[in-house]
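Written below as structure tokens is the structure these notes are about.
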Amino acid sequence: MQKIITTLAVKNEEIQNFILLLKQSLQNIEVNSSQAQAELESEFSSLYNVLDELKDSMLTKIKQERASKTYELQTQLSACTKALESSEELLELANQTLCTAESDDFIQAARQIKDSVTMAPAFRLSLKAKVSDSMSHLMVDFSRERSQLKSLSFLPVPGTPVIDLSQCLVADNCVTVVWSVPGEDAKIEHFDLEYRRTDQEGAPRGREEPPWMVVEGIRGSEYTLRGQRFDTRFMTFRVKACNKAVAGEFSEPVTLETSAFVFKLDSGSSHQNLRVEGLSVEWDSTGGKVLEMKKEMKTRPASPLNSPARSAMMMSPKRTPMARGSRDRFTAESYTVLADTALDCGQHYWEVRFDKDSKAFAAGLALRSLGKFDQLGKTSASWCLHLNNWLQTSFTAKHNNKARSLEGPVPDRLGVHCSYEEGLLSFYNAHTKQLLHTFKTKFTQPVVPAFMVWNGSFSVQTGLQVPSTIKCLQKRNSGTSSSTASLT
């Protein structure tokens, strides 16, 4: 019986909630219908006003045309009347002269009449009307507009767009999405585009769904997302059409590949005088990293979860392992930090912004076997561009303890491009994409991005595609001999 009572109580509560919902819906119907009626009346009133204004404008034009033509014809009529009166007077004078004049007087009178006839208005008057009496050019035919007015109706739900995958483009960290609407409705006001990042090509599963990002109010049928950081393998897009009243259904989602080189800086391999925070590094003469790690070790509970063995098991195959069990791999004057991801194929690009007032800075590639005392560019295990502001200023390309001076101003942002199979490591001015230097070698084992700074700072930007400009330069220069062979 208790179970029956509980069931009835739950059911009663559901019915009561549903009744409240119905009552709220009835109230909403009253409010929404009143709003729709007011909108309709406003639109028709606006339409009436447009028609009235158009009617007044067209009537005014007819009246102006009538007044102008009437004035021209009245002026011409008045001139003709006066000419006729003058001509009749001359005719009467000529008849009188012919009947009464003596021979000598007749000749003189005839000459006077001739001169008067020559100057008479009747002989200088055009007998063609200046304007036409036709008003046919001001006639109207509103049959088409009348038909359009009869077709006025309530706004339809916009059609569902279709994203044209063949027209979409991913390049230079920009994504262009192109779509169309079958049977496109002219009443579409704008489109809303949504996108989200994902590392899986198929549909997301349950709680793994990332949030949608929204771009609203797009007027055209394509949109370009610029300056993206591609930190996931894919981006999924969908779009919907909107009119004044309602939005249509979303298009079928389309997934575009947005792969790029993404890495982090391995604080476990950095010199103790480098403070690594994310992708930013700053020189710290106090060796703050050691103090922070000691503090962390004191507060970290002893647990198998923190054991070196577990860390090694969870490490990605391409993540650089911690070297020799040491927390600070590089020491002495090797103020170096490596990336945590190795390169063993493909083309990759990243950028680094650095403080040009640093006493020393270097960026490039290194083998995993780079020794903890080795400075970048001093051995065969690393290639780099090196800026030196200590004692004397120099900007050089360095490898295996050989250096080549580079001409021109030093940029504050470097672009680094590695083509692993071709054995090319190129450095560019990241702003202008001007080539600064290219190493040509043969990579026989994985390499990692490497950086060095002394009394300065730098920050790295990853998730970048190889710029189209650099691809074109590389294609143009392919097959040419390297000018830096002595450094490789």
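Because only heavy atoms are used, hydrogens play no part in the values below, and waters and symmetry mates are left out as well, while side chains stay in. Here the structure is a predicted model, which means the values were calculated and not measured.
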Would you say the side chain of Val239 lies within less than 4.5 Å of the side chain of Ile218, judging by non-hydrogen atoms?
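The answer is no, as the side chains (C-beta and beyond) never meet within the 4.5 Å cut-off.
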Pairs under 3.5 angstrom only: tabulate donor-acceptor contacts from the side chains of residues 44-52 to other protein residues two or more places apart or in another chain.
residue	atom	partner	partner atom	Å
Asn49	ND2	Ser45	O	3.2

With sequence neighbours left out, write down each residue that passes salt bridge (charged side-chain N to carboxylate O under 4.0 Å, His left out) with [X], or none if nothing qualifies.
X	value
Asp412	Arg353
Glu39	Lys244
Glu222	none
Arg197	none

Contacts of [X] that satisfy ring pair (Phe, Tyr, Trp, His ring centres under 6.0 Å) - sequence neighbours left out:
X	answer
Phe234	none
Phe427	none
His348	Phe261

Nearest heavy atoms of [X] and [Y], plus distance in Å:
X	Y	result
Lys433	Thr469	CB-CG2, 3.9 Å
Cys174	Phe230	N-CZ, 4.2 Å
Tyr420	Pro446	OH-N, 3.7 Å
Ser459	Ser280	CB-OG, 3.6 Å

Trace of the side-chain contact (heavy atoms from CB on, under 4.5 Å) decision for Gln24 with Asn28
CA-CA 6 Å; Gln24 184 62 49; Asn28 292 341; 3.1 Å; yes
Going by distance alone, is a donor N or O of one side chain under 3.5 Å from an acceptor N or O of the other, for [X] and [Y]?
X	Y	value
Thr255	Thr236	yes
Thr438	Ser426	yes
His417	Gln347	yes

Test side-chain contact (heavy atoms from CB on, under 4.5 Å) on Cys168 and Phe237 and set out the steps.
CA-CA 11 Å; Cys168 296; Phe237 296 86; over 6 Å; no
What do the steps show when you test Leu40 against Gln37 for side-chain contact (heavy atoms from CB on, under 4.5 Å), and what is the final call?
CA-CA 5 Å; Leu40 183 64; Gln37 183 176 344; 5.6 Å; no
Should Thr176 and Thr224 be marked as a side chain to side chain donor-acceptor pair (under 3.5 Å) after you check the CA-CA gap, both sets of side-chain angles, and the distance that decides it?
CA-CA 4 Å; Thr176 298; Thr224 300; 2.8 Å; yes
How long is the span from the CG atom in Leu414 to the CZ atom in Phe361, to the nearest 0.5 Å?
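Spacing of CG (Leu414) from CZ (Phe361) equals 6.0 Å.
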Exam field: side chain Glu249 to backbone Lys240, donor-acceptor pair closer than 3.5 Å:
no
Exam field: side chain Ser68 to backbone Gln64, donor-acceptor pair closer than 3.5 Å:
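Not a single qualifying donor-acceptor pair exists.
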Test: salt bridge (Lys or Arg N to Asp or Glu O under 4.0 Å). Region: [range]. Which pairs qualify, not counting sequence neighbours?
range	value
residues 1-22	Lys11-Glu14
residues 144-159	none
residues 225-237	Arg229-Asp231

Contacts under 3.5 angstrom, residues 125-139 side chains, donor-acceptor by atom type, not counting sequence neighbours:
residue	atom	partner	partner atom	Å
Ser126	OG	Lys128	N	3.4
Ser132	OG	Ser134	N	3.0
Ser134	OG	Ser136	N	3.3
Ser134	OG	Ser136	OG	3.1
His137	NE2	Glu65	OE2	3.1

Between Gln465 and Val170, does the side-chain contact (heavy atoms from CB on, under 4.5 Å) criterion hold? Intermediate values first, please.
CA-CA 9 Å; Gln465 294 183 306; Val170 180; 3.6 Å; yes
